[in-house]
Amino acid sequence: MIEQTRRVWLKFTCRTLTLGYAALMLIPGVRFLVDPLMRRSTQNSEARRVARLDDLQPNVPRPFAIKGSRLDAWTLYPEETLGRVFLVRRDGDTVEAFTAECPHLGCVIEFQEDQDRFFCPCHRGVFDAEGAVVPSDQLGWNNPLPRGMDHLECEVVEDDDSGEKWVTVVFERFQHGLAQQVATA
Amino acid sequence: MGRIASWLENRTGYRELMLPIHRRVLPDGPCWTLSTASCLVWLLALQVVTGLVLMTSYSPSLNNAWASVHFIEQTPAGQMIRGLHFFASQAILIVFAIHTVRVLLVAAFRPPRELIWATGLVLIPLIMVWAVTGNPLNGSQKGFSQINVEGNIIGGTPVVGPLVQKILIGGQQVGNLTLTHLYALHVGVLPLVAGLLLALHISQVYRHGLASHEGGTLSASSRPYFPYQTIRNLIVVGAVFALLAWLAYHFGAPLDAPADPELPQATRPEWYFLFLFELRGYFTGDTEFIATVIIPVAILLFLLALPFLDAMLPEAASRWMRYAVVFGGLAAWSGLTGLSMWRDHNDPHVQAEASAAHALALRADELADAQAIPPTGAAALLQNDALTQGPKLYKQYCVSCHPYTTDQFEITGSDEPSAPDLGGFATRNWIAGFLDPERIVSAAYFGNTEHAEGEMASFVKDEMDLEAASLDAVLAALVAEADLPQHHADAEAAAAGRELIAGEAGCTDCHKFHDDGDIGVAPDLTGYGSRQWLLGFLNNPEHDRFYGEYNDRMPGYDPELPTAPMNQQELDMLADWLRGQWYRPTAIEVDDQTAASPAEKPADESSDEPTDKSANSDDDSSSKADDESRDTSGEES
């Protein structure tokens, strides 16, 4: 009888220990794998000079590459294309900046001069020349865009030495699929 | 719960599958030494789990391997996982050895268990190869030189050797393909082959049951395996896991400096292969493959044949043979391993290389912690580091004339020193030596140069007449000019010193100093010892700004010259190193003003002065120590 109880207790202990060891083996692995969730975003909110104001024609969007250093896990790339922006010169020397990253699923938006519109080729997203969503009016086609093109902080500054006017842009990324423009965490 | 279980049972019959485990019997009752089998399975499971996790962040390429491993070490739980993987691989080898010894001692390989013995035996070299393919994956210098040597050992085997070597290495040299090949073997081929062998091994164990002393009949002490043996297994496994976790937590897996052929390497195999390393030493040239291939293969074949030899021998002879194999084998293995370790322990060259490699590993780690890895790979960390490259460049180009003595470095050339000792260049103590009538003509300064008879020496000996406080001010001014990263001068004293240099002290009679004096007669003291000054001097000491026509033998190192031995980057690193300008994890400043207290001004007394020791922080007592060495040399001459 005592032997019987002992055996039951031993079996229970064996099963518990087996499960316990298995869990212990997995815990560090899980902590390791979820690390990207724990990392804070490393968005660099510095204003970068992107173009001379004189290089922009009124109301004609022009694409520019944003260059900067990028830390990719363990490698630091000193000078890389971080993303693309469209700069549009408006009346009175103000400039509007859009990121070329589509708010739908992150493809690269093109500007179609012949139709005077922005177009995302991945899922046929159509924006007007002001970056707003074009309402769907075609049968069998829904404009997939959740919001208009994302605005970037943009300023016209004067160079201290040359007196030239430059356009600076604060490059940021935004979450996809939302109706509002929210920076990625 | 019960309903789900019976639903599953009806469809899968899993209870029937589990039956062998539940029915398993211990013929002689539970026993602690039987735990090795279970322990090995658990350790292999641990390797699979930790290995898969490591795979998620590891990158097998020349530029990325070391960097990704360093990244893993920085990630939370990364050090633990990599440490577990590292120590468990060695634990597997040890436990496997114990497992085999037990089988030999109780003759558990006898019919019908020959296949259990054979599959188990083949697993041993397989697991060793498994470990060997894992070590170079971290992209470290040690791992690369190990696989390089191992490749050449394979290449030394007649006929097939060179072919296998070339395929394994992926060409002539260890590189990207070596890593991808080893990686494919380590995480794909070997786990698959070992897994199949293990499955065969275990299925045979279950088929034939555990060997019994009684020869098959159940003794009175027989018990079911589960839970009586299982609980013992789990206790042993728990102890082994706890030990591994402790090792991983406290030591972690080592990470040598990133692979770079320039780094020193006294390559040694891991401890479990040292016996072959030692054995190899008794064979030379063409016969080396006897030690590295023939003997290991012969031992393996002999052991494989053991069940059949055993069957031919009478019981007494068999026992004698088995004990001879176990104790002879252990004695030979530990004898060779111990001998090899003893040799290395008593070889100062090997010890020096090992500690140099250790220092480089720490430095690479420090640099990688501070800055991210450049796209060209982690080797660039040390290649662009003034602290690492400075002494090498100095040995190559400077030390044939200039010795270098601080307490951190002692670089001496084969020739007699014939130019100033540059240890502590432009620090207060170093400049003080120049303004000391005895030391300026000692071997540590101008003693062995034309300048020993020159204007500066005679000026310091005969004409210079400065009070202690004025001398301190002059020194402070010059320290301020040098602007060494770890030495700073008192601003007030420096300002006073600047006025003295341009006036009373008489320096500007020969030297230019900012707006006073002229160049062309003696080196410009403006920015003396600064990076810009030093680089200019190294470029061309015969420039009017420096020694001009009075240059003794100092060559110019202008990298623009067609014969330039150093490029600009090397020159920069040399200058930075001479000025003590390199990355430090925590900057410690030496206040040169405290060292300038009049009490210790006569240099000969300074070494015994207790206040002077406390004034110098531990990190940079270098200037002090080199001062002392200079003093003694001064006294001798």
Side-chain angles (χ1 to χ4, degrees), chain A residues 1-46 48 65-83 171 173 184-185, chain B residues 22 30 38 42-43 45-54 56-57 59 63-84 88 223-224 226-235 237-238 240-242 245 248-249 368 371-378:
Chain A
M1 194 56 209
I2 291 168
E3 184 58 30
Q4 194 70 20
T5 331
R6 187 167 168 259
R7 188 189 288 198
V8 169
W9 185 81
L10 280 177
K11 283 187 175 182
F12 171 77
T13 313
C14 282
R15 291 188 172 117
T16 316
L17 279 178
T18 306
L19 289 175
Y21 291 173
L24 277 177
M25 281 203 285
L26 293 175
I27 287 168
V30 170
R31 177 63 191 86
F32 186 88
L33 292 175
V34 299
D35 191 57
L37 299 178
M38 313 286 180
R39 285 184 191 245
R40 302 295 306 152
S41 142
T42 50
Q43 292 226 33
N44 186 349
S45 57
E46 64 173 309
R48 303 163 205 267
I66 299 281
K67 299 273 185 186
S69 68
R70 188 172 66 90
L71 180 67
D72 179 2
W74 50 82
T75 307
L76 182 73
Y77 295 95
E79 181 79 350
E80 268 219 322
T81 299
L82 303 177
F171 184 72
R173 292 213 145 76
T184 49
Chain B
H22 287 279
S38 165
W42 274 98
L43 284 170
L46 179 66
Q47 292 301 67
V48 170
V49 172
T50 51
L52 282 169
V53 174
L54 289 173
T56 63
S57 291
S59 171
N63 282 357
N64 289 313
W66 192 94
S68 62
V69 173
H70 184 264
F71 179 79
I72 288 170
E73 289 280 318
Q74 300 299 305
T75 309
Q79 188 198 324
M80 170 58 79
I81 290 165
R82 194 170 154 255
L84 282 174
R223 286 274 186 292
F226 179 77
Y228 294 102
Q229 183 60 39
T230 312
I231 189 72
R232 281 170 172 75
N233 295 348
L234 287 169
I235 289 167
V237 169
V240 171
F241 275 21
Y249 182 79
Q371 65 202 65
I373 315 280
T376 47

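Keep in mind that the numbers below use all heavy atoms, side chains included, and drop hydrogens, waters and symmetry copies. Please read all numbers here as calculations on a predicted model, not as lab measurements. In what follows, chains are A, B, ... by sequence order, proteins preceding strands, each numbered from 1.
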Quick check: do [X] and [Y] have side-chain heavy atoms less than 4.5 Å from each other?
{"X": "Phe32(A)", "Y": "Leu54(B)", "result": "no"}
{"X": "Thr75(B)", "Y": "Arg39(A)", "result": "yes"}
{"X": "Thr13(A)", "Y": "Pro227(B)", "result": "no"}

| field | Worked verdict on Met25(A) versus Trp42(B) for side-chain contact (heavy atoms from CB on, under 4.5 Å) | value | CA-CA 10 Å; Met25(A) 281 203 285; Trp42(B) 274 98; 3.9 Å; yes
Atom pair [atom1] ([X]) and [atom2] ([Y]), whose distance is rounded to the nearest 0.5 Å:
{"X": "Arg15(A)", "Y": "Phe226(B)", "atom1": "CZ", "atom2": "CZ", "value": "4.0 Å"}
{"X": "Asp35(A)", "Y": "Ile72(B)", "atom1": "CG", "atom2": "CD1", "value": "11.5 Å"}
{"X": "Arg7(A)", "Y": "Arg223(B)", "atom1": "CZ", "atom2": "CZ", "value": "8.0 Å"}
{"X": "Ile231(B)", "Y": "Trp9(A)", "atom1": "CD1", "atom2": "CH2", "value": "6.0 Å"}

| said: Counting neighbours of CD on Gln4(A) that are heavy atoms of other residues, nucleotides or ligands and sit closer than 6.0 Å, is the number greater than 12? | reply: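 No.
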| query | Is the number of heavy atoms from other residues, nucleotides or ligands within 6.0 Å of CD1 (Ile2(A)) greater than 12? | reply | no
| request: Pick one of side chain, backbone, both or neither for Leu10(A), based on which atoms fall under 4.5 Å of a heavy atom in chain B. | output: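 Backbone plus side chain of Leu10(A), per the 4.5 Å heavy-atom cut-off to chain B.
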| query | So what's closer than 4.5 Å to chain B heavy atoms on Glu3(A): side chain, backbone, both or neither? | reply |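 For Glu3(A), heavy atoms of backbone and side chain both lie under 4.5 Å from chain B.
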| field | Contact leader toward chain B among Ile27(A), Leu17(A), Thr18(A), where contacts are heavy-atom pairs under 4.5 Å | value |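 Ranked by heavy-atom pairs under 4.5 Å with chain B, first place is Thr18(A).
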Contact origin within [X] toward chain A - heavy atom pairs under 4.5 Å:
{"X": "Ser57(B)", "value": "both"}
{"X": "Thr230(B)", "value": "both"}
{"X": "Asn63(B)", "value": "neither"}
{"X": "Ala368(B)", "value": "neither"}
{"X": "Leu52(B)", "value": "neither"}

| request: Verify side-chain contact (heavy atoms from CB on, under 4.5 Å) between Val237(B) and Tyr21(A), making sure each step is shown before the conclusion. | output: CA-CA 9 Å; Val237(B) 169; Tyr21(A) 291 173; 3.8 Å; yes
Of the non-hydrogen atoms in [X] and [Y], which two are nearest, and what is the gap between them?
{"X": "Ile81(B)", "Y": "Pro28(A)", "value": "CD1-O, 3.3 Å"}
{"X": "Arg31(A)", "Y": "Pro76(B)", "value": "NH2-CG, 3.3 Å"}
{"X": "Tyr77(A)", "Y": "Pro375(B)", "value": "CD2-CG, 3.7 Å"}
{"X": "Ser59(B)", "Y": "Trp74(A)", "value": "CB-CZ2, 3.7 Å"}
{"X": "Leu71(A)", "Y": "Ala372(B)", "value": "CD1-CB, 3.4 Å"}

